[in-house]
Amino acid sequence: MTSIRETAKNLGICVVIPTYNNAATIVKVIESIKEYIADIFIVIDGSTDNTAELLSNIPNINIISYVTNKGKGYAIQQGFKKAIDAGFDYVITIDSDGQHFASDIPSFISTIDKNPGSVIIGSRNISADGMPSKNTFANKFSNFWFWAETNMRLPDTQSGFRLYPVYLYRNMKYFTKKYEFEIEILVRSAWKNIKIIPIPVKVYYPPEEERVSHFRPLPDFTRISILNTILVLITFFWILPKKAFNYLRLNKFTTVVKEQLSAHNEKPWKISAAMGFGVMMGIVPIWGFQMLVAVFLAHLFRLNKVIVLAFSNISLPPVIPFIIYFSYKAGGLVMHNPVEITTDTIYRLKDDVMHGGFYKALNELGYSILQYITGSFMLAVAMGILIALSSYIIIIIARKNKGIADNNLNN
C-alpha cells in the first residue's frame with residue numbers, strides 16, 4: 001500500500017511555510033509535517049528572532065531567507081517560485097504559528113488525487129470555541145466579498161491552510177504582497193475557472209496571552225477593503241461581461257436562449273422575470289452601458305444572467321428608431337407640451353442610427369430630451385412586464401404539454 005509520503009511525491013506536492021518571528025512554534029510545525037510530506041520549503045520573511053538559527057539545525061529542508069519583512073503574500077510567492085523551479089506541481093501552505101494540524105494533510109492529498117488541478121482550502125469551524133471574535137467577523141466579511149466577486153460561496157476564505165496547483169500559476173503576475181494576497185489568488189483562481197474545494201480541518205487557538213499575531217487591524221483591513229473594491233469593479237465591468245460575451249460568441253443566439261430555458265431547473269416565474277428584465281434594460285436610456293448594468297443588476301437580483309443579457313439585445317440598431325419613437329409617444333402622455341412625432345420620422349431615425357449613431361438620431365428630435373427619457377422608462381417598464389407575463393404563460397403551457405407528451409410516451 002502506497003504511503004502518504006509516496007503519494008505526495010508522485011503527485012508532485014511540497015509544503016511552503018511562510019514564517020515571521022514564530023521561533024516558539026516553527027520547529028514543531030516542521031517535524032509534524034515531515035511525517036506526511038518530505039519536501040518542505042521554509043520562507044523566513046525577515047524574522048528578527050532566532051528562527052534562522054533553529055532551522056539551521058534541521059536537516060532536509062529548503063530555506064529561503066531575506067533580511068526585510070515584506071509580508072505573508074510575498075513570502076508565499078517566493079515559495080511558489082522555488083517550488084515551480086524544483087519541478088513541483090502542487091504547494092500546500094500552512095501557517096507557522098501552530099494553529100493548523102499536519103494530521104489534516106492526508107485529506108488534502110486524497111482530495112487533490114481525485115480532483116487534479118483544483119485549489120483545496122481548509123475550512124475551519126468559525127464558530128468553534130477559542131476562535132477570536134475579530135477573526136469570526138473578518139472571515140464572514142471576506143466570505144461575502146468573495147461571493148460578490150465570484151458568485152461562489154465558501155465557508156472559510158481566510159484559512160491559510162491550502163493546496164494550490166502552482167503549475168497553473170506559472171505566468172500569473174501578482175499585485176499584492178501582504179495578507180490580502182490570499183484573497184487575490186483565491187478570487188483570481190475562480191476567475192480562471194479553477195475548481196475550489198473546501199474541506200474541514202481542525203484548528204488550535206492558544207490562550208490570548210500566548211497568541212502571536214502580526215495582523216495590524218487598521219492598515220491591513222484598509223488594504224483588504226481597497227483590494228475588494230478593485231476586485232468587485234473588475235468583476236462587474238470586465239469578468240462578467242467577458243464571460244457573457246464569450247458564451248454568446250461561441251453559441252448561436254437562439255441556441256443559447258433555448259439552452260438556458262431548458263437546461264436550468266428554474267421556476268417559470270424566475271425565467272420569465274429574467275426575460276422581462278432583460279427587455280426592460282435594453283430599452284432604458286443608458287445607451288452603451290445597458291448590458292453592463294443589466295448583468296450587474298441580474299447578479300444582485302439572482303436572475304439568470306445569460307437570459308437577461310440575451311434579451312437586453314433588443315436595442316439593436318434597426319430597432320432603436322422604433323424604441324425612440326414609442327418612447328417619445330409614451331413621454332408625450334405625461335408631458336405638458338409634448339413634441340409631436342410622426343411615423344415618417346422613423347425612416348429618418350433609422351438612417352441616422354445606421355449611419356450616424358444614436359445621438360444624431362436624438363438631434364433629429366430637437367430639445368425634448370426630457371420627453372424621451374421619461375417615455376423610455378415608461379416603455380421599458382411596460383414592455384418588461386408584458387414580456388414577463390406573456391413568457392410566463394408560454395412557459396407554463398409548454399411545460400404542461402411536455403409533461404403530457406412524456407406521459408403518453410411512457411404509457
Looking only at atom types and distance, does a side-chain atom of [X] sit under 3.5 Å from a main-chain N or O of [Y], one as donor and one as acceptor?
X: Asn143; Y: Pro155; result: yes
X: Arg162; Y: Ser159; result: yes
X: Asn228; Y: Trp145; result: no
X: Asn304; Y: Ile307; result: yes
X: Asn22; Y: Asp97; result: no
X: Gln371; Y: Tyr328; result: yes
X: Thr25; Y: Ser96; result: yes
X: Ser47; Y: Ile44; result: no
X: Ser312; Y: Gly278; result: no

Derivation of the side chain to side chain contact (heavy atoms under 4.5 Å, CB included) call for Leu11 and Phe88 = CA-CA 8 Å; Leu11 292 174; Phe88 291 98; over 6 Å; no
Just how far is it from atom [atom1] of [X] to atom [atom2] of [Y], taken to the nearest 0.5 Å?
X: Leu389; Y: Ser272; atom1: CG; atom2: OG; result: 7.5 Å
X: Ile196; Y: Thr150; atom1: CD1; atom2: OG1; result: 6.5 Å
X: Ile271; Y: Ser391; atom1: CD1; atom2: OG; result: 9.0 Å
X: Ile109; Y: Thr7; atom1: CD1; atom2: OG1; result: 6.5 Å
X: Cys14; Y: Lys82; atom1: SG; atom2: NZ; result: 12.5 Å
X: Asp113; Y: Asn115; atom1: CG; atom2: CG; result: 9.0 Å

Under the rule for side-chain contact (heavy atoms from CB on, under 4.5 Å), what residues qualify as partners of [X], not counting sequence neighbours?
X: Phe377; value: Val284, Pro285, Ile373
X: Lys81; value: Gln78
X: Glu184; value: Tyr174, Phe175, Thr176, Phe181, Arg188, Leu227
X: Lys34; value: Ile30, Glu31, Ile40, Ile58, Pro59, Ile61

Can you spot which of Asp95, Asp104, Asp156 makes a salt bridge (charged side-chain N to carboxylate O under 4.0 Å, His left out) with Arg124?
-> Asp156
Within 45° of the axis and under 6.0 Å from the centre of the six-membered ring of Phe101, does NZ or CZ of Lys202 qualify?
->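 Ring-cation test returns yes.
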Nearest atoms (heavy-atom pairs only) where [X] meets [Y]:
X: Pro106; Y: Ile4; answer: CB-CD1, 3.9 Å
X: Phe80; Y: Val91; answer: CE1-CG1, 3.8 Å
X: Ala148; Y: Thr235; answer: O-CG2, 3.9 Å
X: Leu163; Y: Pro165; answer: O-CD, 4.2 Å
X: Thr157; Y: Ser142; answer: OG1-OG, 2.7 Å
X: Glu182; Y: Gly160; answer: OE2-CA, 3.4 Å

Give the intermediate values and the outcome of side chain to side chain contact (heavy atoms under 4.5 Å, CB included) for residues Glu180 and Arg223.
-> CA-CA 7 Å; Glu180 63 272 20; Arg223 284 197 310 273; 3.1 Å; yes
Answer whether the closest heavy-atom distance between the side chains of Val15 and Phe41 falls below 4.5 Å.
->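 Answer no - side chains too far apart.
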Do Val43 and Ile17 come close enough that some side-chain heavy atom pair is under 4.5 Å?
->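 Contact flag for Val43/Ile17 side chains = no.
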For Asp45 and Tyr66, does a side-chain donor sit closer than 3.5 Å to a side-chain acceptor?
-> yes
For residues Tyr164 and Ser189, is any side-chain donor paired with an opposing acceptor at under 3.5 Å?
->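 No - no donor-acceptor pair under 3.5 Å links their side chains.
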Could you label the plane-to-plane angle of the Tyr167 and Tyr90 rings as parallel, tilted or perpendicular, counting under 30° as parallel and over 60° as perpendicular?
-> perpendicular
Salt bridge (charged side-chain N to carboxylate O under 4.0 Å, His left out): which pairs involve residues 7-16, sequence neighbours left out?
->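 Every pair satisfying salt bridge (charged side-chain N to carboxylate O under 4.0 Å, His left out) with a residue in residues 7-16: Lys9-Asp39.
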Could you go step by step and tell me if Leu186 and Leu154 meet the side chain to side chain contact (heavy atoms under 4.5 Å, CB included) rule?
-> CA-CA 11 Å; Leu186 202 60; Leu154 289 176; 4.0 Å; yes
Decide side chain to side chain contact (heavy atoms under 4.5 Å, CB included) for Trp147 and Met152; before the verdict, give the C-alpha distance in whole Å, the side-chain angles of both, and the deciding distance to 0.1 Å.
-> CA-CA 5 Å; Trp147 166 78; Met152 294 174 55; over 6 Å; no
If you count the non-hydrogen atoms of other residues, nucleotides and ligands that lie under 6.0 Å from CZ in Arg170, is the total more than 12?
-> yes
In terms of heavy-atom contacts, does CH2 of Trp269 have more than 12 from other residues, nucleotides or ligands at under 6.0 Å?
-> no
With sequence neighbours left out, what residues match Asp89 under salt bridge (charged side-chain N to carboxylate O under 4.0 Å, His left out)?
-> none
Decide, yes or no, whether a salt bridge links Glu35 with Arg5 under the criterion of side-chain N to carboxylate O below 4.0 Å.
-> no
